[in-house]
*Asks:* 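I have a structure I would like to understand better, so I am pasting it below and will then ask my questions one at a time.
Values in this document were obtained by computation on a predicted structure and should not be read as measured data. Both ligands and their constituent atoms are indexed starting at 1 by order of listing. Throughout, residue positions are numbered sequentially from 1 according to the sequence presented.
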Amino acid sequence: MLQNSKDMNSSTQRDDLERLRTEAYQVLKTNRQPGSATLPSPKQYPHQWNWDSAFIAIGLAAYGDLDGAQAEIQALLAGQWGNGMLPHIIYHPDLKMDERYFPNRDDWGVRFFVNTTDGPPQGIDTSGITQPPVAAIAVEAILKKRIDLPFLETVYPKLYRYHQYLLTARDPDQEGLAFILHPWESGLDNSPRWQPLLDAMPVSPEQVNDVRQRRLDNKGVSGWQRPTDEDYACYIELIRRYRTYRYDPVALGRQCPFLVQDVAFNAILHRANAALLHIADVLQRPDAEKTTIQAWRARTATAFQNKLWSAADGRYLDFDLAHNRPINQNTIATFIPLFAQLPSPEQADLLVQAHLKNPREYWPGDVGRESRLLIPTTSKNNPLYLPYNYWRGPIWINTNWLVIKGLENYGYHAEAQRVRQDTLSLLYNPIPNGTPWRFWEYFDPTNANVFGTDGFSWSAALAIELCG
Ligand code: 9WN
C-alpha cells in the first residue's frame with residue numbers, strides 16, 4: 001500500500017509505481033476506440049468528452065505514446081464548431097451508444113438549430129456546450145516531448161479559434177473572463193457553487209419525473225453518488241432553453257438563467273493561453289497574434305484581482321452574471337488559480353495556509369468534520385459538503401493533479417508531495433488475485449471508499465503523469 005514519502009523511495013514502491021504506469025496505460029488502451037478517441041469509461045460515459053481527452057493526452061504523452069496523444073487531440077478538435085466552440089461531448093459514431101447515455105445526441109438538437117457555418121462539422125454529432133479548455137495545455141505537454149511541426153500547425157489555429165470564441169462570444173464585455181452557461185461546462189457538475197442558481201430555476205414536478213425516467217447515469221452507479229433528479233431536471237431545462245435560442249451566444253448572454261464567470265474554468269483558460277503562446281512561439285506565428293494572446297492574459301489577470309478576489313474571504317469567488325453578484329461557496333475551485341499562477345505570493349500563501357491547510361476546510365484532521373485524505377472537492381465546513389456525492393466532497397484525480405501543479409508553481413513542495421501521495425494511495429485498491437490498480441472515478445476523503453465507475457480514463461492518465 002502506498003503510504004508515505006519514505007515508502008515512495010523504497011524499491012517495492014518503485015516496482016509498484018512501475019506496475020501502476022503499465023496498468024494505467026492498459027486502461028487507456030482498453031478505453032480507446034479503434035482509429036478514434038478514448039472513452040472516459042465505456043460503461044458510464046460511452047462517448048468522447050472534451051477535458052477528459054485533454055487529460056488523457058497528457059497521460060499518454062507522459063507515458064511516451066506521443067502518436068496516441070496527438071491522435072486524441074486531433075479527434076477532439078475534429079468536433080470543433082464553425083464558431084470556434086469545442087463541444088463537451090462528441091458522440092460515438094455508433095448510434096447504439098445512445099441507449100447507454102442520457103442526454104443523447106438528438107436531445108441537443110444542434111443540427112436543427114445551428115446553421116452549418118456556425119455549428120458542428122458535417123457527419124459529427126456533438127453536444128451544444130463546452131468544457132474547461134485543457135486542450136492547449138495537453139498540446140504543450142506533447143510538444144515538450146516532441147516537436148512535430150505538421151501536428152502543431154494543424155492544431156494551433158483550431159486552439160486559437162477556440163480561445164478566441166471563449167474570449168469574445170463568452171466575454172461580451174471584454175473582461176478577460178469567459179462565462180459558462182451550464183453546470184456541465186464547469187466539469188464540476190454538481191458543485192455547491194451552482195446550487196443557488198439551480199434553486200432559483202423553475203422546473204416542474206413533471207420535468208423532474210421525466211428525467212427520473214430517462215436518466216441512465218444512476219443505473220450502473222448508485223444514485224446516492226450522483227446528482228439528484230432535481231439537479232438533472234435543471235440540466236435538461238437549460239438544454240431546452242438553448243435549443244429555443246438556437247444556440248445564439250448573444251441571446252444566451254442576455255437570457256440564460258445560468259451565466260457564470262467560473263474561477264476554475266477561467267484559471268484553466270489563463271494557463272491554456274500561456275500554452276497557446278508557447279505553441280505560437282515554436283511556430284513563429286505573427287507578432288500580432290501573440291500580442292492578442294498576451295492581451296487576453298493581461299485582461300484575465302486584472303479581472304482575477306479586481307473582480308474575483310475577495311479580500312474579506314481570502315479567496316476568489318465565482319461571479320453570477322445573471323443576478324450580478326458573487327457566489328460565495330468554498331470549494332476546490334479556490335485552489336485552481338494556483339495552477340495558472342494568478343495569485344500573488346501573498347494571496348497564494350493565504351490560499352494554502354488559511355484554506356488548504358485548515359482542518360476545518362480541507363486538511364485532514366478531526367476538527368469539525370473529520371477527513372483523512374486530500375483534497376475534498378468541497379470545503380468540509382460548507383453545509384453542502386457530502387463526502388460520497390460526486391463533486392460535493394469526494395476527491396477527484398484531475399482536481400488533485402491541477403492543485404499539485406499549482407502548489408509546485410509556488411514552491412509548496414511538501415504540500416504538493418502530500419497531495420500526490422494521497423492521490424497515488426487512493427488509486428491503489430487491491431482486489432484478491434487481480435490488478436490492484438482499479439482507477440476509480442472519485443473517492444471518499446474520510447475513508448478512501450471508491451465511487452463511480454472503475455477503469456476511468458483520466459484517473460489512469462494522470463496517475464501516469466504523477467509517476468513522473
Ligand atoms: C456530464 C466524463 C464527464 C466529465 C465531467 C463529469 C461527468 C458528465 C456526466 O463525466 O460529467 O458532462 O454525465 O455526469 O462531471 O467532468 O468530463 O468523464
*Asks:* Just list the N/O pairs, ligand 1 to protein, that are under 3.5 Å apart, with the distance for each.
*Replies:*
residue, atom, partner, partner atom, Å
ligand 1, 11 (O), Asp189, OD2, 2.8
ligand 1, 12 (O), Trp49, NE1, 3.0
ligand 1, 12 (O), His88, NE2, 3.1
ligand 1, 13 (O), Tyr101, OH, 2.5
ligand 1, 14 (O), Asp189, OD2, 3.4
ligand 1, 14 (O), Arg226, NH2, 2.9
ligand 1, 14 (O), Tyr390, OH, 2.6
ligand 1, 15 (O), Gly187, O, 3.3
ligand 1, 15 (O), Asp189, OD1, 3.2
ligand 1, 15 (O), Asp189, OD2, 2.7
ligand 1, 15 (O), Tyr390, OH, 3.4
ligand 1, 15 (O), Trp391, NE1, 3.0
ligand 1, 16 (O), Trp51, NE1, 3.1
ligand 1, 16 (O), Gly187, O, 2.6
ligand 1, 17 (O), Trp51, NE1, 3.1
ligand 1, 17 (O), Asp52, OD1, 2.6
ligand 1, 17 (O), Gln131, NE2, 2.9
ligand 1, 18 (O), Asp52, OD2, 2.7

*Asks:* Give me each pair satisfying ring pair (Phe, Tyr, Trp, His ring centres under 6.0 Å) with a member in residues 197-218, each pair once, sequence neighbours excluded.
*Replies:* none

*Asks:* Could you work out, with side-chain hydrogen bond (donor to acceptor under 3.5 Å, both in side chains) as the rule, every residue matching Lys307, not counting sequence neighbours?
*Replies:* Glu175, Gln261

*Asks:* With a 4.0 Å cut-off on N to O distance, would you call Glu465 and Arg21 a salt bridge?
*Replies:* no

*Asks:* Between atom OH of Tyr247 and atom CH2 of Trp81, what is the distance when rounded to the nearest 0.5 Å?
*Replies:* 6.0 Å

*Asks:* With sequence neighbours excluded, tell me which residues meet ring pair (Phe, Tyr, Trp, His ring centres under 6.0 Å) with Trp296.
*Replies:* Tyr160

*Asks:* Assert yes or no for the condition that the ring centre distance of Trp396 to Trp401 is strictly below 6.0 Å.
*Replies:* no

